[in-house]
Amino acid sequence: MNYSFSYKSNKINQERLEIDKMFQLEGPPDSTVTIGGKDYLYFAGDDYLSFQTNPEILSSACEAVLRFGISSAPFQSKYIPSPIHNVEKMAAELYQTDNAIYCSSNEKAFEILIESIQSSFDRIFVDECCQDSQIKMLQHFLDSKKQILFFKHNDPNHLDELLQKYLQPKERPLLIVDGIFPFTGKIAPVDLYFNILKNYEDASLIIDDSHSLGILGENGCGILEHFGYQTNKINQTAEDLDQSNLFDTDFHLLNQYSSDNAILPEKSKKNRFQVNANELSFDYFNKERFIQTSNEPNVPKKPLPVKTYLIASLSKAIGGFGGIIPGSESFVERLREALFQQNDSIPPTPIAAATAKGLHLSLHNKSIRQKLLANAHYLKDQMRQVGFAVEENLVPILVLNLGTNQNMRRIHQYMFDNNIIISFDPNQKYQGAKGILRTTLLAMHEPTMLDALIHVFCKAIQ
């Protein structure tokens, strides 16, 4: 027996265990976390509304465990525990649709959506910063004749160029974007995309609302509410559309609301949030707060100008689990049949109960979202003042490219050594450069925590 090899193998395994321990959270991913008995400020999660530690949500999960047990009934069963139905009911209420279907993951939601509508489009145009999992799924499920074209991130002009260059007569385009892009922190200029797509017969748009649900819009309803569009006509069948006046809209309204895209007038961007930065300080956290919204009060919501499909993860701001597809009754039932045929599982009942409570709080407790947006405003304003180039929006994601991967790795380690955790991804591209430092904010981050983050960031780049 080779005892030398056995000794080396055991030593390597022990070293791996020690490394693993360095990154094991000893509690929930809250504004502070404990690793190896040491406390850190945590700016690396996606639980934007801090719902994973919300007492009401945790209580809902515990009560569901005692009442329903750990698991759920099989999807094929007609007897589904009530928390599953509650998630669908709350999602439908939020988006003001007839119904919704609750999936095991956002990836599964995207998969069954694409399979369901693939006969309704011929060529696909995808923002280059859409997530890799979506791209791989498209390539796996779609007919090879359905070409996928990538346009520059958040660039309506480049999209328009590609449409004019590659879309053949009678072909129907499908555009795919995120509401908020998690690795750039940018808001998709959906209003401008609508203005382009309405020139093409039978065009359609898919929005992944995962990182904008619970954050954008007066009620946290996501990207469409943010730009002042109705949400009750998303995810419709052809029969639904034939019976509605979905496309009966005045297109001169489409440019009324701006995005954070650079091609818009400077005045539009400056006045977006109706917030006076000079008057905003940490005293503001104890005063009346604001909600990010791009539509004025009492202005009717605009009809959707093209076919619009939408999915969203419930594991980000909502703090739950799984994916959701809200839509018309007939559309949802078609997808439900597809899930039935695939023998898909449904989320465990206690998790569903917590998710339903998260949706309820997102819709009915605006103060949590207000606190999050106030955090985002303060951090970005202060980072700009000390010289960082950051997005001028209230998205609770701060993405920076600071030189080489080696330099960013050094900064990331320096932050960790000073009890602050942010994310470093050496492979993500941002503004043409490879590698990003990503900082995310939670509603439960306190002012002193944001000050500490800024202070250590400034020392790290010296």
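Values in this document were obtained by computation on a predicted structure and should not be read as measured data. When a residue number appears, it is its place in the shown sequence, counting from 1.
Residues Cys130 and Phe150 have side chains not in contact (no heavy-atom distance under 4.5 Å, counting atoms from C-beta outward). Leu175 places a side-chain heavy atom less than 4.5 Å from the side chain of Phe151. Counting only heavy atoms from C-beta outward, the side chains of Leu450 and Leu441 approach each other to under 4.5 Å. Residues Val126 and Leu138 have side chains in contact (heavy-atom distance under 4.5 Å, counting atoms from C-beta outward). Here the side chains of Cys103 and Ile325 are in contact, with some heavy-atom distance below 4.5 Å.
At distances below 3.5 Å, at least one donor-acceptor pair connects side-chain atoms of Thr440 with backbone N or O atoms of Gly45. Under the 3.5 Å distance criterion, the side-chain polar atoms of Thr355 are left unmatched by any main-chain donor or acceptor of Gly320. Judged by distance alone, the side chain of His158 and the main-chain N or O of Lys152 form a donor-acceptor pair under 3.5 Å. In terms of modelled atom types and a separation under 3.5 Å, the side chain of Arg369 and the main chain of Ser362 share a donor-acceptor contact. Between the side chain of Asn219 and the backbone N or O of Leu94, no donor-acceptor pair lies under 3.5 Å. Using modelled atom types, one side-chain atom of Lys371 and one backbone atom of Ala443 make a donor-acceptor pair closer than 3.5 Å. Side-chain atoms of Asn99 do not come within 3.5 Å of backbone N or O of Ala92 as any donor-acceptor pair. Of the possible polar contacts, none joining the Asn106 side chain to the Leu314 backbone as a donor-acceptor pair under 3.5 Å is found.
Side chains of Asp47 and Tyr42: a donor-acceptor N/O pair is absent below 3.5 angstrom, by distance only. Side-chain polar atoms of Asn393 and Lys380 form a donor-acceptor pair below 3.5 angstrom.
Atom CG of Asp240 and atom CG of Asn235 lie 10.5 Å apart (nearest 0.5 Å). Between the CE atom of Met415 and the CZ atom of Phe43 there is a distance of 8.0 Å, given to the nearest 0.5 Å. Summarising the geometry, atom CG belonging to Asp127 is positioned 9.0 Å from atom CG belonging to Asp155; distances are rounded to the nearest 0.5 Å. Going from atom OG of Ser212 over to atom CG of Asp178 covers 8.0 Å, rounded to the nearest 0.5 Å. Taken from CZ in Phe125 to CD1 in Ile196, the straight-line distance is 11.0 Å, to the nearest 0.5 Å. Interatomic distance, CD1 of Ile234 versus CG of Leu304, reported as 8.0 Å (0.5 Å rounding).
Arg384 pairs by the salt bridge (Lys or Arg N to Asp or Glu O under 4.0 Å) definition with nothing, not counting sequence neighbours. Considering only residues two or more places apart in sequence or on other chains, Lys89 meets the salt bridge (Lys or Arg N to Asp or Glu O under 4.0 Å) condition with none of them. Listed by chain and number, the residues in a side-chain contact (heavy atoms from CB on, under 4.5 Å) with Tyr166 are Arg123, Leu149, Leu162 (sequence neighbours excluded). Here Glu329 pairs with nothing under the salt bridge (Lys or Arg N to Asp or Glu O under 4.0 Å) rule; sequence neighbours left out. For Asp46, the salt bridge (Lys or Arg N to Asp or Glu O under 4.0 Å) criterion is met by Lys316, Arg438, not counting sequence neighbours. Residues satisfying the side-chain hydrogen bond (donor to acceptor under 3.5 Å, both in side chains) criterion with Tyr309, sequence neighbours excluded, are absent altogether.
A salt bridge does not link Arg334 with Glu337: none of the charged nitrogens is closer than 4.0 Å to a carboxylate oxygen.
The two residues Asn407 and Leu402 have their closest heavy-atom pair at ND2-O, 2.7 Å. A pairwise comparison of heavy atoms in Glu128 and His153 identifies OE2-N, 3.1 Å as the closest pair. Nearest heavy-atom pair across Ile84 and Pro347 is CD1-O, 3.5 Å. Minimum heavy-atom separation, Ile180 to His211: CD1-O, 3.3 Å. Closest non-hydrogen pair, Tyr200 versus Pro173, comes out as CB-CG, 3.9 Å. Considering every non-hydrogen atom in both Ala353 and Pro83, the closest pair reads N-CB, 3.7 Å.
Open room surrounds CD on Glu201; 12 or fewer heavy atoms of other groups in view lie less than 6.0 Å from it. Residue-environment remark: CD (Gln131) exceeds the threshold of 12 foreign heavy atoms within 6.0 Å. Shown here is Met444, whose CE atom has no more than 12 heavy atoms of other residues, nucleotides or ligands within 6.0 Å.
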Checklist entry - For Phe457 and Phe388, what are the C-alpha separation, side-chain angles and deciding distance, and is it a ring pair (Phe, Tyr, Trp, His ring centres under 6.0 Å)? => result CA-CA 10 Å; Phe457 241 131; Phe388 289 94; 5.7 Å; yes
Checklist entry - After noting the C-alpha distance and the side-chain angles of Ile117 and Ser204, does the key distance pass the side chain to side chain contact (heavy atoms under 4.5 Å, CB included) rule? => result CA-CA 10 Å; Ile117 67 170; Ser204 51; 5.7 Å; no
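Shown are Asp160, Leu205, Asp202; of these, the side chain to side chain contact (heavy atoms under 4.5 Å, CB included) with Leu197 is made only by Leu205. Between Ile318 and the options Leu359, Val87, Ile324, a side chain to side chain contact (heavy atoms under 4.5 Å, CB included) holds for only Leu359.
Taking the six-membered ring where the residue is Trp, the centroids of Phe194 and Phe227 are separated by 6.0 Å or more.
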